Amino acid sequence: AALLLLCATGEAAAQEGRTCSEGRPPAAQPGIGLFHCVGGWCEVFARRDHVTLHRFSSEPRVWRIAADGPAAGRLREGDVLVAVDGALVTSVEGGLRLANLAPGRPVRLRVRRAGRELEVEIVPRLGCGYPRLLVTTSAERPVP
């Protein structure tokens with residue numbers, strides 16, 4: 001069974017000052033369309049004490065990498081996100097960093113791919129491509 005949260009994909013109207021789908025403002029986007037948590041609990045774009053954060057009890061897989069987005073050619077479908085600028089993604093600090101990227105400011109992502117960890121750097125862009133969240137008990141690739 002899967003739980004699909006935050007169906008927030010946007011239009012390319014970000015730089016025109018319009019709001020994105022669900023009334024969200026354009027924000028720094030890494031070009032990841034889906035965070036997939038296997039087991040446990042996860043949430044994205046949670047608000048706590050006027051702060052936006054992501055919370056992951058397990059390291060999420062990344063899917064639906066935008067072909068023309070910042071992560072294209074750097075991340076691969078199914079990479080497991082381990083850390084953001086050195087902070088574990090399962091920590092409060094890592095969740096804060098991932099949820100509050102800045103357009104044009106490089107971010108280092110540590111991922112696990114084929115049993116190896118590697119670091120990639122991406123430069124988020126202002127846009128409306130908010131990622132979705134899928135929480136399942138299976139590590140199988142999500143069906144589009």
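Values below: all heavy atoms of this structure, side chains included; hydrogens, waters and symmetry mates excluded. Owing to the predicted nature of the structure, the values given are computational and were not obtained by experimental measurement.
In plain terms, the two heavy atoms of C37 and F56 that are nearest each other are SG-CD2, 3.5 Å. For R61 against G78, the heavy-atom pair with the smallest separation is NH1-O, 3.4 Å. Of all heavy-atom pairs between P103 and A28, the closest is N-CB, 3.4 Å. Minimum interatomic distance between Q29 and P70 (heavy atoms only, all atoms of both residues): O-CG, 3.4 Å. A pairwise comparison of heavy atoms in P142 and L34 identifies CG-CD2, 3.7 Å as the closest pair. Nearest heavy atoms, C42 versus S57: SG-N, 4.1 Å.
Atom CG of L101 and atom CG of L96 lie 11.5 Å apart (nearest 0.5 Å). Expressed to the nearest 0.5 Å, how far NE2 of H54 lies from CG of L81 amounts to 9.5 Å.
V92 and V51 end up in the same hydrophobic cluster when Ile, Leu, Val, Met, Phe, Trp and Tyr side chains are linked at under 4.5 Å. L109 and V44 fall within a single hydrophobic cluster, where Ile, Leu, Val, Met, Phe, Trp and Tyr are joined by side-chain heavy atoms under 4.5 Å apart, directly or via other members.
A cation-pi contact, defined as under 6.0 Å to the ring centre and within 45° of the axis, links R24 to F45.
With respect to F35, the side chain to side chain contact (heavy atoms under 4.5 Å, CB included) criterion is satisfied by exactly one of L98, L134, V135: L98.
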Between R110 and E59, is a salt bridge (Lys or Arg N to Asp or Glu O under 4.0 Å) present by the stated rule, with each step listed? CA-CA 11 Å; R110 186 173 350 131; E59 298 167 337; over 6 Å; no
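Chaining together hydrophobic side chains whose heavy atoms lie under 4.5 Å apart leaves V38 on its own.
Using a distance-only test at 3.5 Å, with no hydrogens or angles considered, no donor-acceptor pair links the side chain of N100 to the main chain of R97.
Residues satisfying the side chain to side chain contact (heavy atoms under 4.5 Å, CB included) criterion with I65, sequence neighbours excluded, are I32, V62, A71, L75, E77.
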Under 3.5 Å, side-chain donor or acceptor atoms of residues 116-123 against the rest of the protein: list the pairs with distances, not counting sequence neighbours.
| unit_1 | atom_1 | unit_2 | atom_2 | d |
| --- | --- | --- | --- | --- |
| E117 | OE2 | R112 | NH2 | 3.4 |
| E119 | OE1 | R108 | NH1 | 3.1 |

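In the displayed structure, R76 atom CZ is contacted under 6.0 Å by at most 12 heavy atoms of other residues, nucleotides or ligands.
Side-chain contact check for V107 versus P30: every heavy-atom pair is 4.5 Å or farther apart.
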